[in-house]
Number of protein chains: 2
Amino acid sequence: MTKHEIVNQLLPIFRRYGYEGTTLSRISEATGLGKASLYHHFPKGKEEMAKAVLEHLKEWRQIHVINHLLGEGSPLERLLAMTESMRLVYDQGKQSCLLTILSMGDSKESFSAQIQPAFESLIETITVVLVDAGFSKQDANERAEDAILQIQGSLVLSRALDNNSSFQRVMSRLPYSLLNINNQTSQTKEQ
Amino acid sequence: MTKHEIVNQLLPIFRRYGYEGTTLSRISEATGLGKASLYHHFPKGKEEMAKAVLEHLKEWRQIHVINHLLGEGSPLERLLAMTESMRLVYDQGKQSCLLTILSMGDSKESFSAQIQPAFESLIETITVVLVDAGFSKQDANERAEDAILQIQGSLVLSRALDNNSSFQRVMSRLPYSLLNINNQTSQTKEQ
DNA sequence: GTCTATACGTGGATAGAC
DNA sequence: GTCTATCCACGTATAGAC
């Protein structure tokens, strides 16, 4: 089994159980590999596994979010591509964000070096799009922060209420509200 | 030592370390009580302790948030009282929300019976205020959800970036943006 | 590269004295 | 109501055979 495949199996476990809740036994069971085999691939143990997953997600973000945001098309089209990717990776709001999971609790310090730049690069890239759309640098940056904040908040609420409607609503309106456009599904919210 | 005092000491521990990261040893050290003494107060152990903290927070919310929202004054004044309380309990965004902490990871199921109504009652109460302010029931409800979602999102982001500016910004503008009012510190965001 | 077996610490929890 | 002492399960991690 290749390391890449293992990392792919690790993601849902860490997302579901959190860092401390993810035990080697669970990982062993999910992957079918013995604990010793896991240490063969990740000599530094669980922490290294989580870091590998974060690195894997970084590549995913680069390909499926950052590149789309910096790609061809109007600002609206680029933002729509972003929300589409977000819907996918968070399974319509039913899955938590690993960045958030790992930034809470005891594990925080171990991963902040990966978590912080992850959010920062997302915000910065959205800022670029909004500057393209005509907003001032400062205004664009605050709006970009708002975007991330609303996504994360909707994920929190969807999880807490066991109901993903808030995530769906935020995803639907976000590209339009960021650009101050009224669209059909959210006429009353961006005024 | 009274149970009330113990619960007060438990809150910061669960908030900081999460449920799995909060060990009896840590609690014992923080409270100065031996493990056996803790079991005298909470026979069902750690889970009962966390539930007691959630119950304690419920009372706090009732007194410091719900009552203010349903109290005297204009809608704006009531919302300002709410954000003031939020600033306090989250220490200007430097502290996490226990509801969010406990709704993540392995512990989720044990506490959803307390977490879900907590968010629901907050949303419902804000909805009442916004209906008072003239919004339709449906519109008010979505805005109330947005309020909670933005608060939670700003806490997530403040924690992840180790920088509470997003929390401060959301708290400053929220009472105004909910009511579609332009205020001095956030002219450009409620368009 | 994967396994079995095992070591070691620590977590949650309890018994029983005071 | 708090303590000391202790139990058991399970967590991370390693040794060594295949």
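The sequence lines fix the lettering, A, B, ..., with proteins before strands; numbering per chain opens at 1. Values below: every heavy atom of this structure, side chains too, minus hydrogens, waters and symmetry copies.
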Take the protein atom [atom1] of [X] and the nucleotide atom [atom2] of [N], then report the distance between them rounded to whole Å.
X         : N       : atom1 : atom2 : value
Glu29(A)  : dT12(D) : CD    : C1'   : 17 Å
Phe42(B)  : dG12(C) : CZ    : P     : 14 Å
Asp106(A) : dT12(D) : CG    : P     : 13 Å
Ile27(A)  : dC10(D) : CD1   : C1'   : 15 Å
Glu20(A)  : dT10(C) : CD    : C1'   : 14 Å
Lys46(A)  : dG9(C)  : NZ    : C1'   : 15 Å
Lys44(A)  : dA13(D) : NZ    : C1'   : 15 Å
Glu48(A)  : dT12(D) : CD    : P     : 15 Å

Quiz item: For Gly21(B), which contact category applies under a 4.0 Å heavy-atom criterion: base, sugar-phosphate, or nothing?
Solution: nothing

Quiz item: Which part of the nucleic acid does Thr22(A) contact within heavy-atom distance under 4.0 Å: base, sugar-phosphate only, or nothing?
Solution: sugar-phosphate

Return the nearest nucleotide to the side chain of [X]; candidates are [options].
X        : options                   : answer
Leu24(A) : dT12(D), dT2(D), dG1(C)   : dT12(D)
Lys35(B) : dT12(D), dA13(C), dA15(C) : dA13(C)
Tyr39(A) : dT14(D), dC3(D), dT2(C)   : dT14(D)
Thr23(A) : dG11(C), dT14(C), dG11(D) : dG11(D)
His41(B) : dC3(D), dG1(D), dC3(C)    : dG1(D)
Ala36(B) : dT2(D), dA13(C), dA15(C)  : dA15(C)

Practice problem: Anything under 30° is parallel, anything over 60° is perpendicular, the rest tilted; go ahead and classify Phe167(A) against Tyr90(A). | Solution: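 Phe167(A) vs Tyr90(A) ring planes: perpendicular.
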
Quiz item: In terms of the angle between their ring planes, are His68(A) and His64(A) parallel, tilted or perpendicular, with boundaries placed at 30° and 60°?
Solution: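 Correct class here is perpendicular.
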
Self-check item: Of Pro43(A) and Ser25(A), the one whose closest DNA chain D nucleotide lies more 5'
Solution: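 It is Ser25(A) whose nearest nucleotide is closer to the 5' end.
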
Quiz item: Taking for each residue the nucleotide of DNA chain D bearing the nearest heavy atom, is the 5' side occupied by Gly45(A) or by Ile6(B)?
Solution: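 Looking at the nearest nucleotide for each, Ile6(B) comes out on the 5' side.
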
Self-check item: From Thr31(B), Val53(B), Leu33(B), residue fulfilling side-chain contact (heavy atoms from CB on, under 4.5 Å) relative to Gln9(B)
Solution: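 It is Thr31(B), the one option of Thr31(B), Val53(B), Leu33(B) that forms the side-chain contact (heavy atoms from CB on, under 4.5 Å) with Gln9(B).
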
Self-check item: Qualifying residue for side-chain contact (heavy atoms from CB on, under 4.5 Å) with Pro75(B), from Ile181(B), Leu179(B), Val128(B)
Solution: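 The side-chain contact (heavy atoms from CB on, under 4.5 Å) with Pro75(B) is passed solely by Leu179(B) among Ile181(B), Leu179(B), Val128(B).
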
Exercise. Ignoring backbone atoms, test whether His40(A) places a side-chain nitrogen or oxygen under 4.0 Å from the OP1 or OP2 oxygen of dT2(C).
Key: no

Quiz item: If only side-chain N and O atoms of Ser37(B) are considered, is one of them under 4.0 Å from the OP1 or OP2 phosphate oxygen of dC3(D)?
Solution: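 Affirmative; the distance criterion is met.
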
Practice problem: Answer yes or no on whether Lys3(A) is positioned over the face of Phe42(A), meaning its NZ or CZ is under 6.0 Å from the six-membered ring centre and within 45° of the axis. | Solution: yes

